[in-house]
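Everything on this sheet refers to the single structure shown next.
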Amino acid sequence: MNTTLHAVTNRNGRPLDFSMTAGLISDYTGAAALLDGFPPAEWMLADRGYDADWFRDAL
């Protein structure tokens with residue numbers, strides 16, 4: 001079994017919040033779990049696993 005770490009960081013890369021999911025779980029699951037802890041965003045750096053209209057709208 002493998003795991004995936006999803007993290008929210010500030011502009012300096014310091015962690016603000018994180019969650020861990022099983023490696024085969026969609027990135028959307030980890031992102032949805034962290035949405036409430038996101039600071040207001042002007043931009044986001046992420047891989048395409050987080051590319052969804054609902055996610056961008058939530059930011």
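Counting from 1, the numbers follow the sequence of the chain as shown. Side-chain atoms are counted along with the backbone in the values below, which use heavy atoms only and exclude waters and symmetry mates.
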Indicate every side-chain donor-acceptor pair of residues 6-26 with a distance under 3.5 Å to a residue at least two apart or in another chain.
unit_1	atom_1	unit_2	atom_2	d
His6	ND1	Tyr50	OH	2.6
His6	NE2	Thr21	OG1	3.0
Asn10	OD1	Asn12	N	2.9
Asn10	OD1	Gly13	N	3.1
Asn10	OD1	Arg14	N	2.9
Ser26	OG	Tyr28	N	3.1

Q.
Any non-hydrogen side-chain atom of Trp54 less than 4.5 Å from a side-chain atom of Leu35?
A.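 They are in side-chain contact.
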**Q.** Nearest-0.5 Å distance, OG1 of residue Thr4 to CG of residue Asn2
**A.**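 So the OG1 of Thr4 and the CG of Asn2 are separated by 6.0 Å.
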Q: List in chain and number order the residues that pass side chain to side chain donor-acceptor pair (under 3.5 Å) with Asp53, two or more places apart in sequence or in another chain; answer none if no residue qualifies.
A: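 Side chain to side chain donor-acceptor pair (under 3.5 Å) check on Asp53 returns Arg56.
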